[in-house]
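Here's the structure, in structure tokens; my notes come after.
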Amino acid sequence: MTDTFKPASLADWHKAAAKSAPGGSVDALNWLTPDGIAVKPLYTAQDVAGLPHANTLPGFEPYIRGPQATMYAVRPWTIRQYAGFSTAEESNAFYRKALAGGAQGVSVAFDLATHRGYDSDHPRVTGDVGKAGVAIDSVEDMKILFNAIALDKVSVSMTMNGAVLPVLAGYIVAAEEQGVAQAQLSGTIQNDILKEFMVRNTYIYPPEPSMRIIGDIIEYTAQHMPKFNSISISGYHMQEAGANQALELAFTLADGQEYVRTAIKKGMDVDDFAGRLSFFWAIGMNFYLEVAKMRAARLLWCRIMKGFDAKSPKSLMLRTHCQTSGWSLTEQDPYNNVVRTTIEAMAAVFGGTQSLHTNSFDEAIALPTEFSARIARNTQLIIQEETHITSVIDPWAGSYMMEKLTQDMADAAWKIIEEVDAMGGMVKAVDSGWAKLKIEAAAAEKQARIDSGQDVIVGVNKYKLKTEDAIESRDIDNVAVREGQIARLREIKQKRSAERVNTALAAITFAAGHPDTKDADGKPANLLDLCVKAVRERATVGEVSDALEQAFGRHRADIHKVSGVYAAAYDAESTEGETMEYWNQLKSDIAEFAEKQGRRPRVMISKLGQDGHDRGAKVVATAFADLGFDVDMGPLFQTPEECARQAIENDVHAVGVSTLAAGHKTLVPAIIAELKKQGADDIIVFVGGVIPRQDYDMLYEAGVKGIYGPGTPIPVSARDVLSQIEKALTKQGQ
């Protein structure tokens, strides 16, 4: 017997839903995403009628359903473990253990000194060596890093942009001396400098010569390293810096366009290199939008590459690596992060990633322990081995909601790309500061929504624990690592031929300053080729970077602040009354301070050392200014001495140090000592960012007046800073 049903009409559903909808309006159930996309509670066949991609298949244009025809049904994504710990020896041990435990590729995190092209003995990097990644000064370090890892079999991903030439050259030479030819190497170098100027800030040279470096790397790898991806165009750091999914998607694809243009200008045919371009997305907690973003990315990249007259299917298909969000990890109730990472990993898989790194639950506090890294790795293994998710190719295909959301995401991103094109391309959009400000505004808005309670973060602003249990975290002895690196540098320089090194470095400087230089075969000199020759002679990362800097100069970024965005969230109707009252009272108290003291409370927000991640610093500066503080922003990459001098010259009441790269144990006591040395110990110092709890007492003993870890509402920290300033003024008046 066959049951027959009378289908309800959409009008019938609206009537039924209106009975329980707020105010009797179904529109009240719509969710307006940060990207400006209205997500409805119900989707039907009407929403996908006429969509051009509704009946496409995986492995075929426009590749919405995946770049390969069989996707994970034949071969699951590659499990990567992104890591770098202090020394090459320690990092190598971690990689080998990870590979034995199920990882299928190596992803290298370098320390900030290496990123910025400084050797470990440089005076500007005393607090950065071995922090937030592995210290690499020469090919000898690189050989240790990959010891007993077969580079002809294991793919290697390297997150490197500023010092990309000496680092990639070091990898090539280390492989040669392992007996592996360049043509056998597989993996990816990030080599994405435009996003550095927008968000991550580990640049060295100005935009124009930086783009020339990218072109030379694309050219060299196309000729000598056919299995190696010459660039990983990264949206990851944009989302980590605050970009919503549409901004991340648009700016990343626009960066990709710019790199393709650069390679074509070098005389290359698009199909000779485009097949080795790859992408890198952040995957956050906005589950549906992340899946839609990845599907829309493939649709748009195919469209973009057709615009370059690409013919090869490999040129048209977008391949990507993904990493779960670091920003979504919380210091409070950190085991919740295991759940967050699992959800984000599933979004990446449903979106069709080619490789994936899952963050460890303790990375909001410090570098991951072996215990937490194993959980992160097993998260992927469980999805691959236990869930049968891999058995179905693009299971979201045909979903009314997902197909419509994919198109909405593509439309939103394309509109931004057209805006960028109207400016003259992404280099112009970056150079003007427009792109960076768009991301910073989105970051400030997001933080305000969390602090005001409109966006819920479990364990942070809702369902909070009364007491937090301490968890074990990894600590790096920065002083010991630096001393070891300096000793190795000394040994390398004693053994090498200084004459041959200087000749090789001079050739780099000359070619960098004279773009029409020809090589021995009469072809335009390639900077990566020259760097490989210098590294073979044992030139260091710092020496190669300096040789390029002599011709290119070192980039100095302008500091801009957004205003009014953070405060606007507190004017939203959904802000709770108690939260709004706290905000208004704080503004009133700051105004009262200004009336009493004859000036507003003045703070300087600073970044010390080579940590360029400035999302937290910029958001705090925006929020403090919206509250009524006078706010100065220190330039990136300050030394404690430079920071103290600027604070004194600007006559500030307080210096706020934003730290994410674990240099606080060295750099924060140094700024306090420097203020005292310069006779300004009345200026209070507060610290915010990723700081393990076990370091709090040490910082307080050093003289820090306030420590605000991840998840601290900015108005709460602002209230405390105001109180500390008032106490300091009272003490001075006694």
Side-chain angles (χ1 to χ4, degrees), residues 7-11 13-14 17 26-27 29-73 235 244-254 256-257 279 281 283 286-307 310 313 315-320 322 346-353 392-419 421:
S9 69
L10 192 55
W13 177 84
H14 272 273
V26 175
D27 288 341
L29 300 176
N30 285 353
W31 164 45
L32 186 66
T33 73
D35 316 71
I37 297 170
V39 178
K40 303 188 298 182
L42 177 72
Y43 287 82
T44 69
Q46 293 180 20
D47 292 292
V48 296
L51 285 185
H53 57 75
N55 295 310
T56 61
L57 291 169
F60 294 88
E61 295 180 26
Y63 304 103
I64 283 182
R65 301 192 61 187
Q68 287 91 34
T70 53
M71 289 298 289
Y72 309 145
N244 56 45
Q245 281 75 15
L247 271 179
E248 178 195 4
L249 176 56
F251 285 170
T252 307
L253 296 182
Q257 282 189 124
F279 287 79
W281 304 117
I283 305 296
N286 205 328
F287 184 86
Y288 295 136
L289 258 62
E290 293 294 4
V291 178
K293 176 187 77 181
M294 294 176 68
R295 300 174 91 246
R298 291 190 288 270
L299 171 69
L300 294 182
W301 187 244
C302 184
R303 182 189 301 175
I304 287 168
M305 293 310 293
K306 279 182 170 292
S315 301
L316 299 174
M317 62 176 69
L318 181 148
R319 290 160 301 276
T320 190
C322 289
M346 290 181 69
V349 170
F350 283 137
T353 190
V392 178
I393 304 163
D394 190 21
W396 282 95
S399 157
Y400 299 144
M401 181 274 298
M402 187 53 68
E403 297 295 7
K404 180 64 165 63
L405 201 54
T406 296
Q407 188 64 49
D408 288 345
M409 181 61 67
D411 291 344
W414 193 253
K415 185 177 179 182
I416 298 169
I417 291 170
E418 288 179 326
E419 223 176 324
D421 287 343

Original post:
Is the closest basic N to carboxylate O distance between Lys293 and Glu290 below 4.0 Å?
Top reply: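 Counted as a salt bridge, because a side-chain N and a carboxylate O are separated by less than 4.0 Å.
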Subject >> Salt bridge present between Lys404 and Asp47 (N-O < 4.0 angstrom) >> reply: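 The answer is no: the pair does not qualify as a salt bridge.
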With a 4.5 Å heavy-atom cut-off, do [X] and [Y] have their side chains touching?
X	Y	value
Thr33	Val39	yes
Lys40	Val26	no
Val392	Tyr72	no
Leu318	Pro67	no
Asp394	Met71	no
Thr56	Pro62	yes

Main-chain N/O of [Y] paired with [X] side-chain donor or acceptor, under 3.5 Å:
X	Y	result
Arg319	Met317	yes
Asp35	Ala246	yes
Arg65	Pro58	no
Thr406	Met402	yes

**OP:** Just jot down the side-chain hydrogen bond (donor to acceptor under 3.5 Å, both in side chains) partners of Asn244, sequence neighbours excluded, or say none.
**Re:** none
Reported [atom1]-to-[atom2] distance for the pair [X] and [Y], which is rounded to 0.5 angstrom:
X	Y	atom1	atom2	value
Tyr288	Ser399	OH	OG	8.5 Å
His14	Leu42	NE2	CG	7.5 Å
Met305	Leu316	CE	CG	7.0 Å
Leu249	Trp414	CG	CH2	10.5 Å
Thr320	Met294	OG1	CE	5.5 Å
Leu253	Arg303	CG	CZ	10.5 Å

Subject >> side-chain contact (heavy atoms from CB on, under 4.5 Å) between Gln46 and Tyr400, intermediate numbers included >> reply: CA-CA 8 Å; Gln46 293 180 20; Tyr400 299 144; over 6 Å; no
Subject >> side-chain contact (heavy atoms from CB on, under 4.5 Å) assessment of Leu405 paired with Leu289 >> reply: CA-CA 7 Å; Leu405 201 54; Leu289 258 62; 3.8 Å; yes
Original post:
Can the ring centres of Tyr63 and Trp301 be said to be less than 6.0 Å apart?
Top reply: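 Between Trp301 and Tyr63, which both carry aromatic rings, the centre distance is not below 6.0 Å.
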Which heavy atom of [X] sits nearest a heavy atom of [Y], and at what distance?
X	Y	result
Ala412	Ile37	CB-CD1, 4.3 Å
Ala413	Ala250	O-CB, 3.4 Å
Ala397	Glu403	CA-OE2, 3.5 Å
Ala410	Leu300	O-CD1, 3.7 Å
Ile283	Ala347	CG2-CB, 3.8 Å
Phe350	Phe287	CD1-CZ, 3.7 Å

**OP:** Just jot down the salt bridge (Lys or Arg N to Asp or Glu O under 4.0 Å) partners of Lys306, sequence neighbours excluded, or say none.
**Re:** Glu61
